[in-house]
Number of protein chains: 2
Amino acid sequence: MAAEQRAGAPAYQRIAATYRDQIRSGELTPGDRLPTEADIAARFGVVRQTVRNGLGVLITDGLIVARRPHGYFVRDREHMVYRPQQKSRPRPATPAMDRFSQQIVDEGRTPSQLIQVSLIQAGPDLAQRLGLDPGDAIVARRRVRLINGEPTNLNDSHFPLDLVKDSEIMSPAYLPRGTDQVLAELGHPQHHAIDEIFVRMPNPEEIHRLSLGPGTPVAVHYDTGYTADGRPVQCAVNVLPGDRHKIVFERHWPTTVTA
Amino acid sequence: MAAEQRAGAPAYQRIAATYRDQIRSGELTPGDRLPTEADIAARFGVVRQTVRNGLGVLITDGLIVARRPHGYFVRDREHMVYRPQQKSRPRPATPAMDRFSQQIVDEGRTPSQLIQVSLIQAGPDLAQRLGLDPGDAIVARRRVRLINGEPTNLNDSHFPLDLVKDSEIMSPAYLPRGTDQVLAELGHPQHHAIDEIFVRMPNPEEIHRLSLGPGTPVAVHYDTGYTADGRPVQCAVNVLPGDRHKIVFERHWPTTVTA
DNA sequence: TGGTCCAGATGGACTAGACAATTGAGACTG
DNA sequence: CAGTCTCAATTGTCTAGTCCATCTGGACCA
């Protein structure tokens, strides 16, 4: 790992490799502080700017964070489990909370959310998934979900306007039984869904809404729900910061595989 | 988007915001060239280094690439579809290719792969998933899959040594019927699997094996297969560059959701 | 014609140094 | 004792400039 970096590699890459190795070997563990820029500069015989370039690599790789004026620290990461499959499980008779909230409480943490409902024009991505034309009016129900007060993921649900007009989906209140259920009550029960997951760096809006630091990629999960006759009735866009989630699902073999 | 950046933001952020907006608005499209560093420096009244900081943001965000000595170019991205679910579908009677290869050919492209089999000691992540102790010997069957000669994803399958010793899994040859099938023939048919997907920045080894550029996050898909009695028999680690894949699966509601 | 070589354009790495911004800890004050 | 102020340490931003690495295209030559 460090070997390929040693020879004629630029100084900033050698610096990055040095501390990357220390982190991966466990010599530096999450929460540990790295030497100051000045110390590293002296140790490698370079100027501060070169050190900053090297540490910048580790920052964009998500391995460390800079906390002015305290120094650089090895980043910690704990993954909360995200289960796209469980969305479709029927819940107990009197659900007081949606699936997400229930899971958080089970883990002994405090969930909350900020909801904002607005009427927007569909962009190309949503229009295509909802079977509309770009520019058509849709209802966006945007949520930031927080755990212990910290933003954890985004869940923006989108509905064709004519399906949910004047329904409680358009109120920015928490719907304990979930929008799937409300949609079913409105006569649009969902029958199947297509999940698409993209991996990319977040855009500035996502960075802002989720308070993301540099070096944090996101998984973007498009969950498009269809009625039995194949009509799309909702498209949820979930944005999951990579440092806070792992996505889990299970598969069962349809028939026994025999030789 | 640009608004919040304008006022007192640092120059390098204003530069980044300027070209980010041009890309998102379609004013600059994939393949287009940005002005040279010197041009941008003159336009914003800053020195070249400040321009480099600004463009560096866009590079780590995966929006542009630098091609010396040609300039900066807006990055292109096309996603190939990755379907973790289809792995479990039984294939036609005489499969000449595995699922991955079949899909590529269907799309009119040329698949190939580099296979390397080795005996390694399980790290903590694999040991836990395979129900072994860290350091236990396992067989690693590492593949780099290429499309039209370009590395596209990594598929490293791992097996407990005692299960596959002396079997054809240990030969670094292409197994058209897939390792699942071979494992079944060895008396270990898989019954279900757990999929875990992590999102993070790649490490140097992954960057090297996949020829990744900066600003490309990866999805890491752990696919752990179990026999009917719940014993793990294989753990595959798939590394998918975010700029080349989208992950797709479908869900069906178990029962009709009624109000 | 066809190959070789070289100059110029452009990004990559680095030095040297200045000043600003942030924030915890410790000193101070009422 | 509780609140407030100040300061030092540290990272953040930017300037000004040097030299290097890489590739294209045109000039030149066999």
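The sequence lines fix the lettering, A, B, ..., with proteins before strands; numbering per chain opens at 1.
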With a 3.5 Å distance limit and no angle check, can you tell me whether B/Asp21 reaches the backbone of B/Thr18 through a side-chain donor-acceptor pair? no

Could you walk me through whether A/Arg75 and A/Asp243 pass salt bridge (Lys or Arg N to Asp or Glu O under 4.0 Å), step by step? CA-CA 10 Å; A/Arg75 194 157 149 179; A/Asp243 60 346; 2.8 Å; yes

Would you list the atom pairs, donor with acceptor, under 3.5 Å between side chains in residues 43-56 of chain A and any protein atom, with sequence neighbours excluded?
unit_1, atom_1, unit_2, atom_2, d
A/Arg48, NE, A/Glu37, OE1, 2.4
A/Arg48, NH2, A/Glu37, OE1, 3.2
A/Arg52, NH1, A/Glu37, OE2, 2.7

Spatial distance of atom CE (A/Met201) from atom CD (A/Glu206) [nearest 0.5 Å]: 11.0 Å

According to the Watson-Crick and G-U wobble definition with distances under 3.5 Å, which dot-bracket string, read 5' to 3', encodes DNA chain D, using [ ] for crossing pairs and | for pairs with another strand? ||||||||||||||||||||||||||||||

Name all residues meeting the side-chain hydrogen bond (donor to acceptor under 3.5 Å, both in side chains) criterion together with B/Glu196; count only those two or more places apart in sequence or in a different chain, and write none if there are none. A/Lys246, B/Arg129

Strictly under 4.0 angstrom, non-hydrogen atoms only: write out the protein contact profile of nucleotides 6-16 of chain D, one letter per nucleotide from the 5' end, B, S or -. ---BBBBBBBS

Are A/His221 and A/Val237 close enough that some pair of their side-chain heavy atoms sits under 4.5 Å apart? no

Considering only heavy atoms of chain A and a distance under 4.0 Å, specify the first and last nucleotide of DNA chain C in 5' to 3' order that meet this criterion. C/dA13 to C/dG24

Donor-acceptor contacts under 3.5 Å from residues 120-128 of chain A side chains, at least two apart:
unit_1, atom_1, unit_2, atom_2, d
A/Gln121, NE2, A/Gly135, O, 3.2
A/Asp125, OD2, A/Tyr222, OH, 2.9

Where do B/Tyr82 and B/Asn238 land on the side-chain hydrogen bond (donor to acceptor under 3.5 Å, both in side chains) test, with the steps shown first? CA-CA 11 Å; B/Tyr82 178 82; B/Asn238 298 280; 3.3 Å; yes

From A/Leu175, A/Asn155, A/Asp156, residue fulfilling side chain to side chain contact (heavy atoms under 4.5 Å, CB included) relative to A/Arg141: A/Leu175

Between A/Arg20 and A/Asp61, is there a side-chain N and carboxylate O pair less than 4.0 Å apart? yes

